[in-house]
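What follows is a short report on a single structure.
So you know, we letter chains A, B, ... as the sequences are listed, proteins then strands, and number each from 1. Since this is a predicted model, take the numbers as computed values, not measurements.
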Number of protein chains: 2
Amino acid sequence: MKTFEHVDCSRCDKRQSSIFCNTHGEPLEDLSDSKTCSVYKKGQVIFHEGGHPFGVYCVNKGKIKLSIIGDEGKEQIVRLARDGDVLGYRSMLVNERYNATATVLEDSQVCFIPREIFMKTLRSDSSLSFEMMKLLSNQLREAEVKLTHLAQKPVRERLAETLLFLKETYGYEPDSTQIAVQLTREEIANLVGTATETAIRLLSELNKEGVIELSGKKISIKDVRELSRVANLND
Amino acid sequence: MKTFEHVDCSRCDKRQSSIFCNTHGEPLEDLSDSKTCSVYKKGQVIFHEGGHPFGVYCVNKGKIKLSIIGDEGKEQIVRLARDGDVLGYRSMLVNERYNATATVLEDSQVCFIPREIFMKTLRSDSSLSFEMMKLLSNQLREAEVKLTHLAQKPVRERLAETLLFLKETYGYEPDSTQIAVQLTREEIANLVGTATETAIRLLSELNKEGVIELSGKKISIKDVRELSRVANLND
DNA sequence: AGGCAGAACTGATAAAAATCATAATGAGAA
DNA sequence: TTCTCATTATGATTTTTATCAGTTCTGCCT
């Protein structure tokens, strides 16, 4: 974990779409001055389930998975983070240990804002607490919808939905319909909530049907419309 | 929906354990003066999925389910509310339509705080936004854990877990080990995330095993320890 | 380049859970 | 009270999904 050149928050173009979008002036400078910026290599863990939170992490550039380990040691991926996303705020707010592990999916640049500074900003800048509430609200809604689908929809539909979700989250590779993230089949299964073999089987099924195209870990969506139909998204 | 006698927030004993625990003085009076208090009968709907939020609901006394209707019209119960809980705040914060329906499980008294007043209080009373963030954080954690269990644990374990959850949420009837809430078997299934017949079958299985005792809709827990073991809660 | 380990794949089988069908019970309305 | 309809219950069957076993593929390391 190497430190990379310090990025001035006021010049960070990801800020506009982040919870700091309305934070300006002194509070923002405070944050910027006290943070540290690091590079994480693929596979590295930013924080561990059960660990103590000492601050929040702000993704400058990167792709990160947040996962919970279930009773039998099986991973469940509960969220994916991209540029501009903030991680670890929840545990900090309620002053509890992390209940998820953040693992880097590809080399990423992440800024760390120490606890005290973040909490101070939260107290002084009411727009930040507002953005926090909105963020939490949205994530809660997403989690509840996901819950419903997990309980009610068959694996094939959930897999299609997951692929569309990956596309929405990370977009396509330049000039292609390949989803811009590399996940193992196991990770895809842990996102969908199924067994690895089942995920593999259904992926190659969609491949045969011409809806998607597989080349190694790269997945391209050949027919978004049909994939949406498979996902059966009416709500 | 009849209006019941106005309850002064400052004298409401549920306030201590609610998000208004640190709200005092003028802000609290404002809330108290502008709210309306209503009685809802069993089965009545407080708000509908898709409807516009005009304020937040504060449960004075009652038991309420929050549910989402899935693609095939099947209900998924995503949360249960009890005395002191607040409902509908999430949609209001992000200014979206309700994404869940709130239905009263037994006759309840609920106060309604109009949108403007609540938002005003949120701006003026920073402790309230803090409590909101904590509440949202906790609910998000719960949702993510539930998600993981839904994806990884068999129905029997989830049913046992649900029964323990019901006990934690609503407690026992006075001088008994009967859980203090009446749900149909279908509702239990929609909470667990399974088919009604499966829920019925597994309930009678636990009944035969002597872990619980069924009498109509009343469920009593005869052996909490064994039920916890069935739920397989290691995390 | 060769070999090795992990990942991806495929088939067979087993287990879990949903669905369908049908009967019994019970609560509320006329 | 009796009738009716919804809920509960149970059995049989099918479908879905997981698990197990074995093979091929691929990237990586020396």
When A/E106 is tested against each of A/K65, A/K42, A/R82, A/K63 for salt bridge (charged side-chain N to carboxylate O under 4.0 Å, His left out), which residue passes?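 With A/E106 as partner, A/K65, A/K42, A/R82, A/K63 yield a single salt bridge (charged side-chain N to carboxylate O under 4.0 Å, His left out), made by A/K63.
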Could you tell me how far apart [X] ([atom1]) and [N] ([atom2]) are, to the nearest whole angstrom?
X	N	atom1	atom2	answer
A/L202	C/dA8	CG	C1'	15 Å
B/E186	C/dA18	CD	P	13 Å
A/L206	C/dC9	CG	P	13 Å
B/I200	C/dT19	CD1	C1'	13 Å
B/E187	D/dT7	CD	C1'	12 Å
B/R156	C/dA16	CZ	C1'	13 Å
B/N190	D/dT7	CG	P	12 Å
A/Q182	D/dT26	CD	C1'	13 Å

Check the phosphate of [N] against [X], side-chain N and O only, distance under 4.0 Å to OP1 or OP2. Yes or no?
X	N	result
B/T198	C/dA18	yes
B/S204	D/dT8	no
A/K217	C/dA8	yes

Using only heavy-atom distances, determine whether the side chains of [X] and [Y] contain a donor-acceptor pair under 3.5 Å.
X	Y	result
B/N138	A/R90	no
A/N190	A/E75	yes
B/E72	A/N232	yes

Establish whether the base of C/dT19 is bridged to the side chain of B/R201 by a donor-acceptor pair shorter than 3.5 Å. yes
Across the strands shown, which category fits B/T196 at heavy-atom distances under 4.0 angstrom: base, sugar-phosphate, nothing? nothing
Backbone N/O of B/V7 and side chain of B/K35: donor-acceptor pair under 3.5 Å: yes
DNA chain D: 5'-proximal contact among A/P154 and B/E197 (nearest heavy atom):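 Taking each residue's closest nucleotide, the earlier one in sequence belongs to B/E197.
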